[in-house]
Amino acid sequence: CSSNKMSCMLNLPVELLEMIATHPSLSLQDICRLSLTCKRLQCVVASSWGKIAVKRWNWWSECRAKTNDEWYLLCRERYLCELKVNSLLHDTIKRGVRQYLVDDEEMEVYENLVRENGCCSQQVMDCVLLEILSKGISDANLSHQYYVLCVYEYLQRQILKEKWKKLLNSKHQLLIEGTILITQWINPLSVITSTSIENEIDRITELVANELLISSTDEHTATKDPVHTTSTTTSIVHHINTLGIPRNDI
C-alpha cells in the first residue's frame, strides 16, 4: 500500500514536488531524508535548496543568484550553526538562572564562534538569533528569548564599536552616519538606513508645512501672501535707511 502511495506521489508534476520539498513544516533533516528515497526526489531537492533557504530565512532573500550547490552549502552551514548556538544558549541559560546576570565574558563565547568563521559567519549567526526572536514570546520560552536577545544585542554592539572607530578616524564625518549608529546602539533590532532617515525628515517637513498652511494667520509671515510680504520687507528697509544704520551691521 505504501509503495502505491509512493508511486502516486512520483507521478505528480515537478512543480508540486517542489512545493512539498520546500514546505516550511519540513525540517532540514526531513528534506535530506526525502532526497534519499529515490533519484527523482533527489533531483527535485537538489534544485530547490535556494527556495528552501529563502522561504525559511527571509534574511537571505538577496542571495538568489547563488547556484544550487552554494545554496546547499549555505543551508548546511545554517543548520550546523543552529546546533552550536542552541548548545551554547542551553549552557548560558543554565548559568544565567543561577547568576541572574550574564557577563561579557560569557558573551565572548558567541563572538569567538563568529570569529572562527567556520559554520557560523556573522550573517548566519544573525539569521539564527533573529529567527528565534521572531517566533514570539510564550511562557515556555521566555528565558530562552531573553538570553537570545542579550546575545544578539551584544554581538551587534561589537560591530557598532568598530563602525564608531572608523567614523571617528574618518576625515569626512557625516552627522547622519552618527545618528544611525546611535539609533542602532539604543535599539540593535532596528533597521535604520540613511534613506529611511531622509524619508522620515521629508515626511516631518511635509507635515509641518501642511500645519502652517492650515493654521496660517497674519502673524505667520512665512505663509503670507507674497505681495504683502514684499511690501513689509520694503517698509523695513526704508525704516533702516531712515535711521542711518549701515546694512553691513545688520
Between Leu83 and Leu73, is there a shared hydrophobic cluster once you connect ILVMFWY residues whose side-chain heavy atoms come closer than 4.5 Å?
-> yes
Minimum heavy-atom distance between Leu17 and Leu12, given as atom pair plus value | CD1-O, 3.9 Å
Looking at residues at least two apart in the chain, or sitting in another chain, which of them share a salt bridge (charged side-chain N to carboxylate O under 4.0 Å, His left out) with Lys51?
-> Glu18
Rounded to the nearest 0.5 Å, how far does CG of Leu129 lie from SG of Cys150?
-> 11.5 Å
Between CD1 on residue Ile182 and CG on residue Asn187, distance to nearest 0.5 Å | 14.0 Å
Separation between CG of Leu167 and CG of Leu160, rounded to the nearest 0.5 Å | 11.5 Å
Between Leu155 and Met125, does a side-chain contact (heavy atoms from CB on, under 4.5 Å) hold up when you go through it step by step?
-> CA-CA 9 Å; Leu155 292 176; Met125 176 71 84; 3.7 Å; yes
Kindly write out the residues that satisfy side chain to side chain donor-acceptor pair (under 3.5 Å) with Thr22, not counting sequence neighbours, or none if the list is empty.
-> Lys55
side-chain contact (heavy atoms from CB on, under 4.5 Å) between Gln156 and Asp126, worked out | CA-CA 9 Å; Gln156 292 303 307; Asp126 290 347; 3.1 Å; yes
Please confirm whether the backbone N or O of Thr67 pairs with a side-chain atom of Glu70, one donor and one acceptor, at under 3.5 Å?
-> yes
Can you name the closest pair of heavy atoms from Ala21 and Val45 and give their distance?
-> CB-CG2, 4.2 Å
Closest contact, heavy atoms only, Ile20 versus Leu26 | O-CD1, 3.2 Å
Following the transitive rule for hydrophobic clusters with a side-chain heavy-atom cut-off under 4.5 Å over Ile, Leu, Val, Met, Phe, Trp and Tyr, establish whether Ile180 and Ile159 coincide in one cluster.
-> no
In sequence, state the C-alpha distance, the side-chain angles, and the governing distance for His90 and Tyr147, and then conclude on side-chain contact (heavy atoms from CB on, under 4.5 Å).
-> CA-CA 10 Å; His90 179 72; Tyr147 288 106; over 6 Å; no
Kindly compute the distance separating CG (Leu28) from CG (Leu80), expressed to the nearest 0.5 Å.
-> 10.0 Å
Would you say Leu207 and Ile201 are hydrophobically clustered, going by side-chain heavy atoms of ILVMFWY under 4.5 Å?
-> no
Working to the nearest 0.5 Å, report the span between CE of Met107 and CZ of Arg157.
-> 10.5 Å
Could you tell me which residues satisfy salt bridge (charged side-chain N to carboxylate O under 4.0 Å, His left out) with Lys165, sequence neighbours excluded, listed by chain and number?
-> Glu162
So the salt bridge (Lys or Arg N to Asp or Glu O under 4.0 Å) pairs with at least one residue in residues 169-196 (sequence neighbours excluded) are none
So which pairs with a foot in residues 22-36 pass salt bridge (Lys or Arg N to Asp or Glu O under 4.0 Å), sequence neighbours left out?
-> Asp30-Arg33
Not counting sequence neighbours, which residues clear side chain to side chain donor-acceptor pair (under 3.5 Å) with Gln29? List them please.
-> Ser27, Tyr79
Determine whether Tyr154 and Val148 fall in the same hydrophobic cluster, where Ile, Leu, Val, Met, Phe, Trp and Tyr are linked whenever their side-chain heavy atoms lie under 4.5 Å apart.
-> yes
Got a sec, which residues hit side chain to side chain donor-acceptor pair (under 3.5 Å) with Gln184, two or more places apart in sequence or on another chain?
-> none
Heavy atoms, side chains only, cut-off 4.5 Å: are Ser47 and Asn68 in contact?
-> yes
Leu16 side, atom CG; Asn11 side, atom CG - distance, nearest 0.5 Å | 12.0 Å
In chain order, what residues pass the ring pair (Phe, Tyr, Trp, His ring centres under 6.0 Å) check against Tyr72, with sequence neighbours excluded?
-> Trp49
For residues Ser25 and His23, is any side-chain donor paired with an opposing acceptor at under 3.5 Å?
-> yes
Side chain to side chain contact (heavy atoms under 4.5 Å, CB included) with Leu88: which residues, sequence neighbours excluded?
-> Val109, Tyr110, Leu113
For Glu77 and Leu74, run side-chain contact (heavy atoms from CB on, under 4.5 Å): C-alpha distance rounded to whole Å, both residues' side-chain angles, the deciding distance at 0.1 Å, then the answer.
-> CA-CA 5 Å; Glu77 177 187 3; Leu74 198 59; 3.7 Å; yes
Which atom pair, heavy atoms only, marks the closest approach of Pro188 to Glu153?
-> CG-CG, 3.7 Å
For Tyr152, enumerate each residue passing the side chain to side chain donor-acceptor pair (under 3.5 Å) test, keeping only those at least two apart in sequence or located in another chain.
-> none
Just jot down the salt bridge (charged side-chain N to carboxylate O under 4.0 Å, His left out) partners of Glu111, sequence neighbours excluded, or say none.
-> Arg115
Under the salt bridge (charged side-chain N to carboxylate O under 4.0 Å, His left out) test, which residues partner Glu200, sequence neighbours left out?
-> Arg203
When clusters are formed by joining ILVMFWY residues with side-chain heavy atoms under 4.5 Å apart, either directly or through shared neighbours, do Val85 and Leu149 land in the same one?
-> yes
Short question: side chain of Ser170, backbone of Lys166 - any donor-acceptor pair under 3.5 Å?
-> no
